Amino acid sequence: MAEHYVIVGAGECGVRAAIALREQGFDGDVSLIGDEGHLPYERPPLSKDGMLAEVFAAKTIASAEQLADAGVTFRHGVRIDSLDREGKSIVSADGSTIAYDKLLLATGASPRRLPGVAGKRIVYLRTLDDARRLRAELLPGKRLAIIGGGFIGLELAASARARGAEVTLIETLPRLLSRAVPEGMAARIQQRHEIEGVSLIFGDGIAEIRHGADESSVELKSGRVIDADLVLVGIGAVPNVALAEQAGLSIDNGIAVDNRLATSDPDVFAAGDCCSFPLDLYGGRRLRLESWRNAQEQGNLAASNMLGANRTVDTVPWFWSDQYDLGLQITGLFDEGTTHVARDLGNGGTVLFCLKNDGRLVAAGGIGHGNAVAKDIRLAQMLIAAQSRPSAAALGDAGVSLKRLL
Ligand code: FAD
């Protein structure tokens, strides 16, 4: 009988894995199961161009025909509620049992909720349905309060301003993007939001959110009150681990996998936003990445390893964000290094390199108009992968090609 490989979660990672199984020659049965009621779609446009387009159209990752042509049985609107590892089967919310030979959990992440706060006027942004609802409300003159100065909040602030809404963004910490972006770059983003008319509040917490049918208000710990038509909460995401946890798999800031993306059960793999994995490049440090490219790369890798390739994760973290006409890209991990060196690209773009004490390049971040920093970040990523120790003088001199340092 043909083997059956099953993937739970039909996002960026799950779809990539399903197609990669075929690309890599698997001739058994492949099932891709997702709980959303849509064809698989890209999430990055939901806070960016999707919000601004004349007609809101989801950007699909794979059409029904593409999935059928690849011999992937796609079931959408089906939630998997339990996993029986001994019996090698999963059970959906409607009670049907699906047997597997190998299983991939690509269940992604969900927005972190503000405890004890719910209501019609309090919204989150993760899904196409969230985005459609939010977009319909972002009209000229509408007041949007955003809680959280991370990527989702800032991208949405930019889109909301472009749609003519009034935006107030509240951040508990003293600056924007404190988790992943160095101070100088965050300051440039802050300045741009201020120029665009976003009202930014730092160092204040939420005391209470009051909400009625048409309006809400956010009371801050300082006593200040922000009245809003809509409150968007963007305070990070939490990995979807319920299924893995119920099945007794190891959890550690996500479904814990080894450097081949296998869970504590050799027939169950996990990949994408839902998992944490050790990265050899940073001394085996356990990471959980929430990035589009990582989801794709891990989908490919999980497929290879389900087929027995035994390949290890060798990625250099990378993600991007677009706000107004500014493009930001980060590669590597800034908290691994101590010394920063800036390079002015001369095209309005700046790249900031981050070196460890021993001189090794561990991260780089760039900000500029559109794609101004893309080439340099790509080369920086190669330097990081090669564990290079370029001199600070060379990094800081735009006359020295990064290619030459490789
Ligand atoms: P997901 O895309 O979350 O997919 C997981 C799927 O599994 C979901 O559909 C979920 O509903 C489903 N699922 C979960 N549990 C079950 C279950 N029990 N049964 C069935 N189905 C289940 N990254 C960047 O690098 N750059 C960007 O600019 C960027 N912008 C973003 C903007 C927004 C608004 C969002 C939300 C994300 C953005 N990201 C960006 C992050 C990127 O989209 C994610 O890292 C990527 O989508 C993760 O893919 P995934 O397949 O691991 O998880």
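Both counts, for ligands and for their atoms, begin at 1 and track the order of listing. Model, not experiment: these values are computed from the prediction.
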Open item on the list: Only heavy atoms of Gly9, strictly under 4.0 Å: list the atoms of ligand 1 that pass.
Closed with: 6 (C), 7 (O), 12 (C)

- [ ] Taking only heavy atoms of Ile80 into account, list the atoms of ligand 1 that are under 4.0 Å away from them.
- [x] 17 (C), 18 (N), 19 (N), 20 (C)

TODO: Hey, could you give me each pair passing side-chain hydrogen bond (donor to acceptor under 3.5 Å, both in side chains) that has a residue in residues 134-144? Not counting sequence neighbours.
DONE: Arg121-Glu137, Arg143-Glu215, Arg143-Asp229

TODO: Verify whether one side chain among Asn300 and Arg16 offers a donor that lies under 3.5 Å from an acceptor in the other.
DONE: yes

Open item on the list: Would you say Ser304 and Gln24 are linked by a side-chain donor-acceptor pair, where the criterion is simply a distance under 3.5 Å?
Closed with: yes

TODO: Inspect the surroundings of CD in Glu336 and state if more than 12 heavy atoms from other residues, nucleotides or ligands are less than 6.0 Å away.
DONE: yes

Task: atom 9 (O) of ligand 1 [closest protein heavy-atom partner, distance rounded to 0.1 Å] - done: Glu36 OE2, 2.6 Å

Open item on the list: Could you check whether Gln323 and Glu155, counting side-chain N and O atoms only, form a donor-acceptor pair closer than 3.5 Å?
Closed with: no

Open item on the list: Please check whether Ser291 reaches ligand 1 - meaning an N/O of the residue sits under 3.5 Å from an N/O of the ligand, judged on distance alone.
Closed with: yes

Task: Identity and distance of the protein heavy atom lying nearest atom 51 (O) of ligand 1 - done: Cys13 N, 2.9 Å

- [ ] Provide, to 0.1 Å, the distance between atom 28 (O) of ligand 1 and the closest protein heavy atom, together with that atom's residue and name.
- [x] Lys48 NZ, 2.5 Å

Task: Short side-chain donor-acceptor distance under 3.5 Å, Ser96 and Asp94 - done: yes

TODO: Assess the side chains of His38 and Asp129: does a donor N or O sit below 3.5 Å from an acceptor N or O?
DONE: yes

Task: Atom indices of ligand 1 within 4.0 angstrom of Ala106 heavy atoms, with elements - done: 5 (C), 6 (C), 7 (O)

Task: Enumerated ligand 1 atoms positioned under 4.0 Å from heavy atoms of Arg79 - done: 15 (N), 16 (C), 17 (C), 18 (N), 19 (N)

Open item on the list: Need the ligand 1 atom indices (1-based, order shown) with element for anything under 4.0 Å from a heavy-atom of Val8.
Closed with: 17 (C), 19 (N), 20 (C)

TODO: For Asn240 and Ser110, run side chain to side chain donor-acceptor pair (under 3.5 Å): C-alpha distance rounded to whole Å, both residues' side-chain angles, the deciding distance at 0.1 Å, then the answer.
DONE: CA-CA 7 Å; Asn240 293 325; Ser110 299; 2.6 Å; yes

Open item on the list: I want to know if ligand 1 touches Ile152 in the polar sense, i.e. an N/O pair below 3.5 angstrom.
Closed with: no

Task: Under 3.5 Å side-chain donor-acceptor pair for Tyr124 and Arg126 - done: no

TODO: Heavy-atom distances under 4.0 Å are what count here, so tell me which part of Ala131 touches ligand 1: side chain, backbone, both or neither.
DONE: neither

TODO: Name the closest protein heavy atom to atom 53 (O) of ligand 1, giving the residue it belongs to and the distance to 0.1 Å.
DONE: Gly108 CA, 3.2 Å

Task: Proximity of Tyr5 and Phe26 rings by center, below 6.0 Å - done: yes

- [ ] Pull out every atom of ligand 1 sitting under 4.0 Å from any heavy atom of Ala109, numbered as shown with elements.
- [x] 3 (O)

TODO: Identify the protein heavy atom lying closest to atom 49 (O) of ligand 1, giving its residue, its atom name and the separation to 0.1 Å.
DONE: Ala295 CB, 3.5 Å

Solution key, residues 73-80 side-chain donor-acceptor pairs under 3.5 Å, sequence neighbours excluded:
unit_1 : atom_1 : unit_2 : atom_2 : d
Arg79  : NH1    : Asp35  : OD2    : 2.6

Open item on the list: Measuring from atom 21 (N) of ligand 1, which candidate in Asp322, Val241, Asp35 has the nearest non-hydrogen atom?
Closed with: Asp35

TODO: Salt-bridge test for Asp267 and Lys88: reply yes if a basic N is under 4.0 Å from a carboxylate O, no otherwise.
DONE: yes

Task: Residue and atom name of the nearest protein heavy atom (relative to atom 3 (O) of ligand 1), distance in Å to one decimal - done: Arg126 NH2, 2.7 Å

Open item on the list: More than 12 heavy atoms of other residues, nucleotides or ligands under 6.0 Å from CZ of Arg286: yes or no?
Closed with: yes

Task: ring pair (Phe, Tyr, Trp, His ring centres under 6.0 Å) partner of Trp292, chosen from Trp320, Trp318, Phe151, Phe319 - done: Trp320

Task: Distance filter under 4.0 Å to Gly272 heavy atoms, resulting ligand 1 atoms - done: 52 (O)

- [ ] Provide the number and element of each atom of ligand 1 under 4.0 Å from a heavy atom of Val78.
- [x] 20 (C)

Task: Option whose closest heavy atom lies nearest to atom 2 (O) of ligand 1, chosen from Glu12, Arg43, Gln329, Gln298 - done: Arg43

TODO: Among all protein heavy atoms, pick the one closest to atom 48 (C) of ligand 1 and tell me residue, atom and distance.
DONE: Asp273 OD1, 3.2 Å

Task: Leu125, any N or O under 3.5 Å of ligand 1 N or O - done: no

TODO: Give the residue and atom name of whichever protein heavy atom lies nearest to atom 14 (C) of ligand 1, and the separation in Å to one decimal.
DONE: Thr107 O, 3.1 Å

Open item on the list: Heavy atoms only: which of Trp292, Trp320, Trp318, Phe151 lies closest to atom 26 (N) of ligand 1?
Closed with: Trp320

